[in-house]
Asks: 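Sharing a structure, written as structure tokens. Questions coming.
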Amino acid sequence: MQTVKTQVAIIGAGPSGLLLGQLLAKAGIDNVIIERVSGEYILGRIRAGILEQGFVDLVREAGVNARMDAEGHVHDGFDIAYYGKRFRIDLNKLTGGSTVMCYGQTEITRDLMEARESSGLTTFYESSDVELHGVKDAPHVTFTQNGEKITVQCDFIAGCDGFHGVSRKTIPEEKRKEHERVYPFGWLGVLSDTPPVSDELIYCKTARGFALASMRSETRSRYYLQVPLTDKVENWSDELFWEELKKRLPEDAANRLVTGPSIEKSIAPLRSFVCEPMQWGNLFLVGDAAHIVPPTGAKGLNLAASDVSTLYKLLQKFYKDGDENAPTRYSEIALRRVWHGERFSWWMSNMLHDFDETNASGMDKATFDRFMQSELDFYLNYEEGQKVIARQYVGMPYEAIE
Ligand code: FAS
Ligand code: PHB
């Protein structure tokens, strides 16, 4: 049995865990990461693509921004197309200068992994039987790696282990309130080395279902189609995908579509989920371990970033200023911004997807559709409405930690 001592034990080497680890290390707060799978496996997951300004600023604060600033693309706006109409949400104008950065989660994760490795920080990849103990009074983590049992003794545990991780379940069930909405459809995503149909994202609402045209670079595109929950990725040949996407894109974009072999194809289920509280004793839940949003608002990764920012600042107050109370404030502060992201993602999903009777509004499909069309007409035809969308899409401000 090997015993390791550190200040913060981080469970999970996804973007939450890696960004938190980098920021803590930069502040002189020692940490180790315990991850279930290999780094290569993590880099094989294709997920988010849009970074809010707050995330970009955090990556720069972590000193891991060189490639993001060189290869990322600042987006000043995005389009919403529905029933033959098309509106551009001019983020820059409507928010007085705020924008978003288009740079893949995979790339941010790669940059953070490389930065962690070169700074010599400890990451236990391919760890199994990870268990959290004594989170109320004597926090420590036990796990097995390469057949050896290891114990990490620490002051705090950051549960950055995603929706299916072990951390959230460490909070006693009777002490957790879990809020959930599972959507009656999923997103079939395709990544292809083909030029994007547009310089900016196009969110499409059609009678055939939702579609999103996104990208990773001028030569790499990311597309999504709303599909039934019962659908299987093996039902979708590349040809069938491109044919359906063309039917859902606005005509000019469809005419520009360059098809090619998919280099990744998967179906992600959509849910809204929040666990309250986001902390228990010396355990903090961060990112997907605490909350999930439907990707319609591009908030998932960005809410993880604001959790990281809040926890990093509060732990600095604990270690640097001797503020013993600081860590107890995490959940309350983090949840205020989480619920903003949850609501916006739920609202965008209701507005842009095609629901059958299970739209949870208690209305029949035709009536719900008419309400949502009026919602879109109002918000897109009035600058005040466009400002509401723009402000939330660039991300609500991070709360100041005094
Ligand atoms: P992650 O799930 O990324 O990372 C958690 C890590 O913990 C993983 O590496 C996992 O292996 C590890 N782990 C799990 N259990 C463990 C255990 N017991 N012990 C040790 N380690 C353990 N967001 C967007 O903004 N836009 C999108 O388009 C988008 N698409 C998505 C598609 C899919 C299929 C999924 C699942 C999510 C998507 N998201 C999207 C949200 C996504 O980007 C998350 O918000 C982001 O990955 C959150 O990062 P983490 O909190 O680090 O969690
Ligand atoms: C993506 O590029 O993967 C992406 C962008 C915006 C979203 C969801 C996904 O809202």
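Whatever order the structure lists them in is the order used to number ligands and atoms, beginning at 1. Residue numbers start at 1 and run along the sequence shown.
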Asks: Could you tell me how the ring of His353 sits relative to the ring of Phe185: parallel (under 30°), tilted (30 to 60°) or perpendicular (over 60°)?
Replies: parallel

Asks: Using distance alone, decide if ligand 2 has a nitrogen or oxygen within less than 3.5 Å of any nitrogen or oxygen in Arg47.
Replies: yes

Asks: Please classify the Lys299 to ligand 1 contact at 4.0 Å (heavy-atom distances, strictly less than): side chain, backbone, both or neither.
Replies: backbone

Asks: So do Glu126 and Glu35 actually touch side chain to side chain, heavy atoms under 4.5 Å?
Replies: no

Asks: Could you tell me which atoms of ligand 1, counted from 1 in the order shown, lie closer than 4.0 angstrom to a heavy atom of Gly14?
Replies: 4 (O), 6 (C), 9 (O), 52 (O)

Asks: How about Trp339 and Val274: do any of their side-chain heavy atoms sit closer than 4.5 Å?
Replies: yes

Asks: Side chains of Tyr382 and Asp377: donor-acceptor distance under 3.5 Å anywhere?
Replies: no

Asks: Show me which atoms of ligand 1 lie under 4.0 Å from any heavy atom of Tyr224.
Replies: 28 (O)

Asks: If you count the atoms of ligand 1 from 1 in the order shown, which ones are under 4.0 Å from a heavy atom of Cys160?
Replies: 5 (C), 6 (C), 7 (O)

Asks: So, is Tyr393 polar-close to ligand 2, with some N/O to N/O distance under 3.5 Å?
Replies: no

Asks: Tell me, which protein residue and heavy-atom name are nearest atom 34 (C) of ligand 1, and how many Å apart are they?
Replies: Ala268 CB, 3.6 Å

Asks: Under 4.0 Å from a heavy atom of Ile50: give me the atoms of ligand 2 that qualify, with their elements.
Replies: 5 (C), 6 (C)

Asks: Nearest to atom 9 (C) of ligand 2, what protein heavy atom do you find, and at what distance?
Replies: Tyr224 CE1, 3.6 Å

Asks: Below the 3.5 angstrom mark, is there an N/O of Arg222, backbone or side chain, next to an N/O of ligand 2?
Replies: no

Asks: Which of the atoms in ligand 1, numbered in the order shown and given with their element, are less than 4.0 Å from a heavy-atom of Gly162?
Replies: 2 (O), 5 (C), 53 (O)

Asks: Does NZ or CZ of Lys387 fall inside the cone over Tyr379's six-membered ring, less than 6.0 Å from its centre and within 45° of the axis?
Replies: no

Asks: For ligand 2, does Phe78 get within less than 4.0 Å through its side chain, its backbone, both, or neither, judged by non-hydrogen atoms?
Replies: neither

Asks: Heavy-atom contacts with Leu201 under 4.0 Å: which atoms of ligand 2 show up? List them by number with element.
Replies: 5 (C), 6 (C)

Asks: To check your reading of the model: name the closest protein heavy atom to atom 40 (C) of ligand 1, its residue, and the distance in Å.
Replies: Ala48 CB, 4.0 Å

Asks: Kindly indicate, with the supporting measurements, whether the criterion salt bridge (charged side-chain N to carboxylate O under 4.0 Å, His left out) is fulfilled by Lys232 and Glu234.
Replies: CA-CA 5 Å; Lys232 300 265 179 292; Glu234 46 271 19; over 6 Å; no

Asks: Name the closest protein heavy atom to atom 11 (O) of ligand 1, giving the residue it belongs to and the distance to 0.1 Å.
Replies: Glu35 OE2, 2.7 Å

Asks: How far apart are the C-alpha atoms of Asp76 and Thr99, what are their side-chain angles, what is the distance that settles it, and do they pass the side chain to side chain donor-acceptor pair (under 3.5 Å) test?
Replies: CA-CA 5 Å; Asp76 288 331; Thr99 57; 5.0 Å; no

Asks: I need the nearest protein heavy-atom contact for atom 35 (C) of ligand 1: residue, atom name and distance, please.
Replies: Arg47 NE, 3.3 Å

Asks: Going by the order shown, which atoms of ligand 1 are within less than 4.0 Å of some heavy atom of Val37?
Replies: 11 (O)

Asks: Check whether any side-chain heavy atom of Cys102 sits under 4.5 Å from a side-chain heavy atom of Ile50, and report yes or no.
Replies: yes

Asks: Below 4.0 angstrom from a heavy atom of Gly165, which ligand 1 atoms are there? Numbered from 1 as shown, please.
Replies: 15 (N)

Asks: Between Arg216, His75, Gln105, Met215, which one has a non-hydrogen atom sitting closest to atom 1 (C) of ligand 2?
Replies: Arg216

Asks: Which atoms of ligand 1 are found less than 4.0 Å from any heavy atom of Ile42?
Replies: 9 (O)

Asks: Side-chain contact, heavy-atom cut-off 4.5 Å: Glu244 with Leu188?
Replies: no

Asks: Identify which one of Tyr223, Tyr224, Trp187, Phe355 satisfies the ring-ring contact (aromatic ring centres under 6.0 Å, His included) criterion when paired with Phe210.
Replies: Trp187

Asks: Just wondering, more than 12 heavy atoms not from Glu174 lying within 6.0 Å of its CD?
Replies: yes

Asks: What do we get for Ala298 next to ligand 2 when only non-hydrogen atoms under 4.0 Å count, side chain, backbone, both or neither?
Replies: both

Asks: Return the orientation label for the Phe284 and Phe156 ring planes: parallel under 30°, perpendicular over 60°, tilted otherwise.
Replies: tilted

Asks: Are Arg168 and Phe163 in a cation-pi setup, meaning NZ or CZ lies under 6.0 angstrom from the ring centre and within 45 degrees of the ring axis?
Replies: yes

Asks: Tell me which one of Ser16, Gly49, Ala289 gets a heavy atom nearest to atom 51 (O) of ligand 1.
Replies: Ser16

Asks: Applying a heavy-atom cut-off of 4.0 Å, say which part of Ile34 lies close to ligand 1: side chain, backbone, both or neither.
Replies: backbone

Asks: Could you measure the distance from the CZ atom of Arg60 to the CD atom of Gln53? Nearest 0.5 Å is fine.
Replies: 6.0 Å

Asks: What protein heavy atom sits nearest atom 8 (C) of ligand 2, and how far off is it?
Replies: Pro295 O, 3.3 Å

Asks: Is there a polar contact between ligand 2 and Leu212, counting only N or O atoms under 3.5 Å apart?
Replies: no

Asks: Has Trp187 got any heavy atom lying under 4.0 angstrom from an atom of ligand 2?
Replies: yes

Asks: State whether Tyr183 and Arg181 meet the cation-pi test: NZ (Lys) or CZ (Arg) under 6.0 Å from the six-membered ring centroid, and within 45° of the perpendicular axis.
Replies: yes

Asks: List the closest protein heavy-atom neighbour of atom 7 (O) of ligand 1: residue, atom name, distance to the nearest 0.1 Å.
Replies: Asp161 CA, 3.2 Å

Asks: Looking only at protein heavy atoms, which one is nearest to atom 49 (O) of ligand 1, and what is the separation?
Replies: Pro15 CG, 3.5 Å

Asks: Can you tell me which portion of Thr296 lies within the under-4.0 Å heavy-atom range of ligand 2? Options are side chain, backbone, both, or neither.
Replies: backbone

Asks: Closest by any non-hydrogen atom to atom 22 (C) of ligand 1: pick that one out of Glu52, Gln105, Arg222, Arg36.
Replies: Arg36

Asks: Taking the six-membered ring of Trp280 (Phe, Tyr or Trp), confirm whether the NZ or CZ of Lys136 is under 6.0 Å from its centre and within 45° of its axis.
Replies: yes

Asks: Please list the nearest protein heavy atom to atom 6 (C) of ligand 2 with its residue and the distance rounded to 0.1 Å.
Replies: Tyr203 OH, 3.4 Å

Asks: For atom NZ of Lys5, decide whether the heavy atoms of other residues, nucleotides or ligands shown that lie under 6.0 angstrom number more than 12.
Replies: no

Asks: Please evaluate residues Arg86 and Asp79 with respect to the criterion salt bridge (charged side-chain N to carboxylate O under 4.0 Å, His left out), reporting the C-alpha separation (whole Å), side-chain torsions for both, the decisive distance (0.1 Å), and the verdict.
Replies: CA-CA 7 Å; Arg86 186 165 172 179; Asp79 281 10; 2.7 Å; yes

Asks: Hey, is ligand 1 close enough to Leu301 that some N/O pair sits below 3.5 Å?
Replies: yes

Asks: Which bit of Asp288 gets closer than 4.0 Å to ligand 1, counting heavy atoms only: side chain, backbone, both or neither?
Replies: both

Asks: Counting neighbours of CG on Asp199 that are heavy atoms of other residues, nucleotides or ligands and sit closer than 6.0 Å, is the number greater than 12?
Replies: no

Asks: Give the atoms of ligand 1, by number and element, whose distance to some non-hydrogen atom of Val130 is under 4.0 Å.
Replies: 19 (N)

